[in-house]
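Only one structure is covered here, and it is reproduced in the block below.
One is the number of the first residue; the rest follow in order along the sequence. Just so it is clear, the model here is predicted, and its values are computed rather than measured.
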Amino acid sequence: MDWDKLRVFHAVAEAGSFTHAGEALNLSQSAVSRQISALEESLSVPLFHRHARGLILTEQGELLFRTAREVFAKLAMSESLISESKDRPKGPLKITTTVAFGSIWLTPRMHEFLDLYPEIQVSVVVDDSELDLSMREADVAIRMTPPRQPDLIQRHLVSVQEHVYASTEYLKKHGTPKTSDDLDEHRLIVYGDDSRPPVPGVNWLLDAGAKPGKERRPILSVNNSYGMLRAVMSGLGLASLPDFVTSDYNNLVRVLPELTGPPQEAYFVYPEELRSSKRISVFRDFLLRKVAESRLS
């Protein structure tokens, strides 16, 4: 199979059109189309369904795309490892983590890491869904659940505690709950069900002390903890939040301090292929040091 044609095919499958693939490859649309037609002819199967709105992979095309994607991911990983300096870590480092952890805790600390390792080009992707590390959607992840993929290395970082928080303005207006039963009379902000939550049991507050047969209805649901934090700060209601999310805000009060949610176990995760990467090892060590300094647990 011709390598150049496979490269073009991969770009077209990623982009969904000859035009966008050509822009990425610096080729004309006609040149891209000819390469795909030649590849289809050599394989004696169509790889794309062509229609007015773009391209859709055929069943054979899907099979080839999965294989090509894996090959190119492995090549990109090998290129990163080969280009890494023997003396100082360098090169790209793509980190993914949850919206709350990435926005509130991680990004304010990245300046120190980049001062130490200025030759590492860091990008941070905050997303409560899990990116596929084996497909190089990111190099490393900080996750609130252990990885399910067997080919990933994991290092436990910290157990993060959750408590119930409200703003001082909300408590002045609505009063402070004295027991978990009192939550029936308060406005609750919860994690929305439009996306898979980053931790199990995230909406435990809806059940804590609830009377049998009486369902608590939240006043607002938000699909990440940072959005929940902002809603709590505005005085809208109460929410269960990780302690690291609230530590820098003076107008937030922990209510029902004896009430604790399920702990969030944070893990540092990366692919087996990057075990020897200096970029990964220095970032891991940096994280462990900053977690210890922050006393997140």
I need the minimum non-hydrogen distance between [X] and [Y], along with the two atoms involved.
X    : Y    : answer
A239 : I189 : CB-O, 3.5 Å
L205 : S240 : CD2-N, 3.7 Å
L6   : A68  : CD1-CB, 4.1 Å

ILVMFWY cluster, [X] and [Y] together (side-chain gap under 4.5 Å):
X    : Y    : value
V12  : L63  : no
M233 : L236 : yes
V190 : V222 : no
L259 : F244 : no
V232 : L256 : no

[X] [atom1] to [Y] [atom2] distance, which is reported to the nearest 0.5 Å:
X    : Y    : atom1 : atom2 : value
F268 : T97  : CZ    : OG1   : 10.5 Å
R50  : T58  : CZ    : OG1   : 9.5 Å
Q60  : L47  : CD    : CG    : 7.5 Å
L206 : E215 : CG    : CD    : 8.0 Å
E273 : D151 : CD    : CG    : 6.5 Å
K90  : K278 : NZ    : NZ    : 12.0 Å

Do the rings of [X] and [Y] sit parallel, tilted or perpendicular, given the 30° and 60° boundaries?
X    : Y    : value
Y267 : H156 : perpendicular
F113 : F286 : tilted
H186 : Y170 : tilted
F9   : F65  : perpendicular

Min side-chain heavy-atom separation [X]-[Y] under 4.5 Å:
X    : Y    : value
K94  : V122 : no
I56  : F48  : no
L133 : V269 : yes
Y165 : V255 : no
V158 : E265 : no
Y270 : R284 : yes
L252 : L229 : yes
E162 : W204 : yes

Should we say atom [atom1] of [X] is surrounded by more than 12 heavy atoms from elsewhere, each under 6.0 Å from it?
X    : atom1 : answer
E59  : CD    : no
H174 : NE2   : yes
N26  : CG    : no

Does [X] reach the main-chain N or O of [Y] with its side chain, forming a donor-acceptor pair under 3.5 Å?
X    : Y    : value
D139 : I95  : no
R109 : W105 : yes
T96  : L131 : no
D2   : K5   : yes
S221 : G192 : no
Q121 : E119 : yes
N251 : S167 : no
T260 : H163 : no
S103 : A100 : no
R143 : T98  : no

TODO: Begin with the C-alpha distance, continue with both residues' side-chain angles, and end with the deciding distance and a verdict on side chain to side chain donor-acceptor pair (under 3.5 Å) for T179 and D181.
DONE: CA-CA 5 Å; T179 69; D181 293 354; 4.5 Å; no
Open item on the list: Is there a side chain to side chain donor-acceptor pair (under 3.5 Å) between T19 and S17? Walk through the geometry before answering.
Closed with: CA-CA 5 Å; T19 301; S17 78; 4.9 Å; no
Does a side-chain N-to-carboxylate-O contact under 4.0 Å join [X] and [Y]?
X    : Y    : value
R7   : E14  : no
E293 : R289 : yes
D207 : R216 : no
R69  : E137 : yes

TODO: Take M110 and F283, measure what side-chain contact (heavy atoms from CB on, under 4.5 Å) needs, and give me the verdict at the end.
DONE: CA-CA 10 Å; M110 290 310 299; F283 182 62; 4.1 Å; yes
Open item on the list: Could you go through M228 and N224, starting from their C-alpha distance and side-chain angles, then the distance that decides it, and tell me whether this counts as side-chain contact (heavy atoms from CB on, under 4.5 Å)?
Closed with: CA-CA 7 Å; M228 293 169 64; N224 65 69; over 6 Å; no
- [ ] List the steps, then state whether side-chain contact (heavy atoms from CB on, under 4.5 Å) holds for L114 with L116.
- [x] CA-CA 5 Å; L114 291 171; L116 291 170; over 6 Å; no
